[in-house]
Amino acid sequence: MYFKQLGIIYQQLKTRVMVLPLVNLCAKEVVSDHSSSPGWLCCVPRELYRPLLEAAFTNCRPLAVGELVQRWPERTLRAGGRRQGQSPPNRLCVQALLLAVVRGLSDKRCVLQVLDLCGLQCEEGGVGDPMGGWSLTVALCTMVVQARAAAQRALGREGEQERKRVLAMERERDVVKRERGGGLEEGEGGGLLVESVRKEKEETLGCLREDQQVKGVRRRMEMERRKESAPVAGLAGGKVGEGEAVSEVDSEVVVCVRADLFVNARSWERVRAALGTTGPLKLQCRYVRVEELSVSSIGSLLDLLPRHVLLGVDIRYSCLGVAGLALLLPKLSMFPMLSSLRLHYCNLDIRRDMAGQEGAMKDISQGLGKLSQLRRLSLTALRLPGHLRMLLSSFPQPLEVLELPYLSLTPADLSYLSCSPHASSLQQLDLSENRLDESALPSVRRLLSQASSCLMQLSLSGCGLTDGLLVAMLPSLSCCRGLKSLCLALNPLSLAGLLDLVRMAVRMPSLRQLLYPNPLEDYQPGLPPMPSSAQLLDWPLDELVEVHEATSLQLDRVVMESGRSDLFLTCDLLNYNKDLVEQ
């Protein structure tokens, strides 16, 4: 029955009248019965490998995942980049995939050359036992090191076989010499026999040396493909820069593995071993997240990463200091495709009176200016008041994403930002936990006006916005015609101010999500007149259910009267995710 279903799917693919739900349903049934896999694996067409693999991931069939990947018929396999609403693969399925890649190195049916796992990892401990970023990084590095060890063992076995064959040839030559000395003369054929044995030995050794250089069908095909493509690249005008020439080390690579890496003190040694290993698997990194590593370790990691693959660097909870960041930026400038730089809680406190910090800040400014492709900059809790102009003025191109939470921005910083070249290009802006008052209001309004045509995500959570400040800011907010996500949590608004906010939100057709603050009336008595965001976060809400229901009913009434069914309102700060908004 499963085999017939598989045939139906293939015929639909050939005639291009397939119905995707039917394909998915049949693929699910096929991979669910592992006992039938020997029957269909031997003759399944290559067009069905991908839907079968997706069904195996979705229904947690690690055995089917391993069998399909070990025979993968295409040069590229992309297992990351989940679609919206799609659950991450089970941990067992990911482990089965990695093991199958190693087994496929010796399987002639597998032609895999690029394994793309970018975006595969998720948060640890999610629903369905997915594999988190740290676990996936460790598993990938272990796979690379083990594949290298297996290749070395195979090479040792080949060397031992060659040694035995050479010894056999030498024994045969000794026999010929003894026979020659026993009565055969040179002219009677003894010399011819010795010469034939010598030629046979040389030919055999030559073949063995050639086999050592080109091991296996896949390796030979790959080297021939590179030889054919090399002249084409030269004719196209491509320049072979430093480190880009095809070397003997690159000729050993069978599969390039692309992934996002999560490196901390526990995984650093294993990551360094994998990136420094040459063998059949080569690890390439698209985005790297670093936590709790020293400046020297981060620098060593950057030296090991391939230059033309890395797109983003995320450094968290590492005590860099201004001088440490100034040392790392020249290394980051060596990555020509780097478009994202995130620094979270890296202790760049410039408020302390320390000699040499102003010079280091200038070095940082110059280093940032060399990141020509940077489009996203996130600086969280770095405590750099009054230095925004120095940090942002050196960029050769305007930024598209700017996140500055907990940065202690001053009115002068906001004034510069509102007049900077970045203002008219910003698609995402986060000014959370920067206190906004009357003096900063004109700059914020000017900034919103400059970004009105392109801004899609805005966060002003914990900025101390009162009813009066919000009313003055609402006209500028309503002009952001492309805004999709607005976060205003932990601001001291009354119920009247909150209703004004929602009335403005329903008139913005592009807005899809609004994270609003709990009104002051919903908190228990005793809250200060002008509470901070920390006080609003810690202060208990009123336990009476009627209070919360009354607030929700009034907000729902405003939304219903507007006829908006596509606007999502929430005050749940912990479960809110701005990245769910489709861009």
Side-chain angles (χ1 to χ4, degrees), residues 344-345 378-381 401-409 414 426 428-437 440-441 444 447-448 455-474 476-478 480 483-506 508 510-524 527-542 547-556 558-559 564 567-581:
H344 299 280
Y345 300 95
S378 301
L379 306 174
T380 301
V401 180
L402 184 59
E403 298 174 334
L404 305 172
Y406 295 97
L407 212 64
S408 304
L409 296 177
L414 294 171
L426 290 176
Q428 299 180 31
L429 176 63
D430 188 353
L431 299 178
S432 299
E433 300 298 335
N434 289 285
R435 194 77 177 180
L436 302 179
D437 53 17
L441 186 60
V444 175
L447 175 60
L448 294 176
L455 191 62
M456 293 188 290
Q457 295 184 10
L458 174 64
S459 180
L460 298 175
S461 297
C463 291
L465 296 177
T466 60
D467 290 357
L469 291 174
L470 181 65
V471 170
M473 195 183 298
L474 285 180
S476 301
L477 281 173
S478 61
C480 298
L483 194 63
K484 296 183 178 182
S485 173
L486 177 60
C487 308
L488 291 171
L490 300 179
N491 283 295
L493 297 181
S494 67
L495 180 58
L498 180 58
L499 289 173
D500 290 338
L501 172 63
V502 175
R503 292 190 187 100
M504 182 273 301
V506 297
M508 299 178 66
S510 63
L511 195 64
R512 293 294 178 266
Q513 290 188 353
L514 172 62
L515 177 63
Y516 63 86
N518 293 103
L520 297 178
E521 291 83 349
D522 284 5
Y523 288 89
Q524 291 186 8
L527 196 65
M530 292 294 296
S532 64
S533 60
Q535 291 172 328
L536 291 174
L537 184 62
D538 295 336
W539 205 270
L541 294 170
D542 199 317
V547 175
H548 304 294
E549 288 183 350
T551 301
S552 299
L553 286 175
Q554 294 188 59
L555 298 181
D556 292 341
V558 174
V559 176
R564 290 288 301 272
L567 178 59
F568 175 66
L569 303 182
T570 180
C571 61
D572 190 352
L573 179 62
L574 297 179
N575 295 321
Y576 178 77
N577 186 3
K578 65 180 180 180
D579 295 329
L580 293 179
V581 179

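Nothing fancy with the numbering, it's 1 onward along the sequence.
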Which distance, rounded to the nearest 0.5 Å, do you find between the CG of Leu455 and the OG of Ser485?
-> 10.0 Å
Straight-line distance of Ser533 OG to Arg435 CZ, nearest 0.5 Å | 7.5 Å
Closest heavy-atom pair and its distance - Val502, Leu514 = CG2-CD2, 4.3 Å
Around Tyr523, counting heavy atoms of other residues, nucleotides and ligands shown, do more than 12 lie under 6.0 Å from its OH?
-> yes
The reported gap from CH2 in Trp539 to CG in Leu541 (rounded to nearest 0.5 angstrom) is 12.0 Å
Donor-acceptor contact below 3.5 Å, side chain Asp430 vs main chain Pro405 = no
Identify the heavy atoms of Arg564 and Val559 that sit nearest to each other, and give their distance.
-> O-CG1, 3.3 Å
Minimum-distance pair of heavy atoms, taken over all atoms of Met473 and Leu465 | CE-CD2, 3.7 Å
Which heavy atom of Leu520 sits nearest a heavy atom of Pro531, and at what distance?
-> CD2-CG, 4.2 Å
Does the Asp556 side chain pair with the main chain of Gln554, one donor and one acceptor, at a distance under 3.5 Å?
-> no
Considering all heavy atoms, the nearest Pro492-Leu536 contact | N-CD1, 3.9 Å
Atom CG of Leu404 and atom OG of Ser378: how far apart are they, to the nearest 0.5 Å?
-> 8.0 Å
Rounded to the nearest 0.5 Å, how far apart are OG1 of Thr466 and CG of Leu436?
-> 10.5 Å
Could you state the interatomic distance from CG (Leu469) to CG (Leu474), rounded to the nearest 0.5 Å?
-> 11.0 Å
Thr380 side chain to His344 backbone, donor-acceptor under 3.5 Å = no
Less than 4.5 Å apart, any side-chain heavy atom of Leu490 and any of Glu433?
-> yes
Do the side chain of Asp467 and the main chain of Leu470 share a donor and acceptor less than 3.5 angstrom apart?
-> no
Measure from the side-chain N and O atoms of Gln524 to the backbone N and O of Asp542, and report whether any donor-acceptor pair falls under 3.5 Å.
-> no
With a 4.5 Å heavy-atom cut-off, do Cys480 and Leu458 have their side chains touching?
-> no
Quick one: closest heavy-atom pair of Asn491 and Leu488, and the distance?
-> ND2-O, 3.0 Å
With no hydrogens and no angle check, is any side-chain donor or acceptor of Ser510 less than 3.5 Å from a backbone partner on Lys484?
-> no
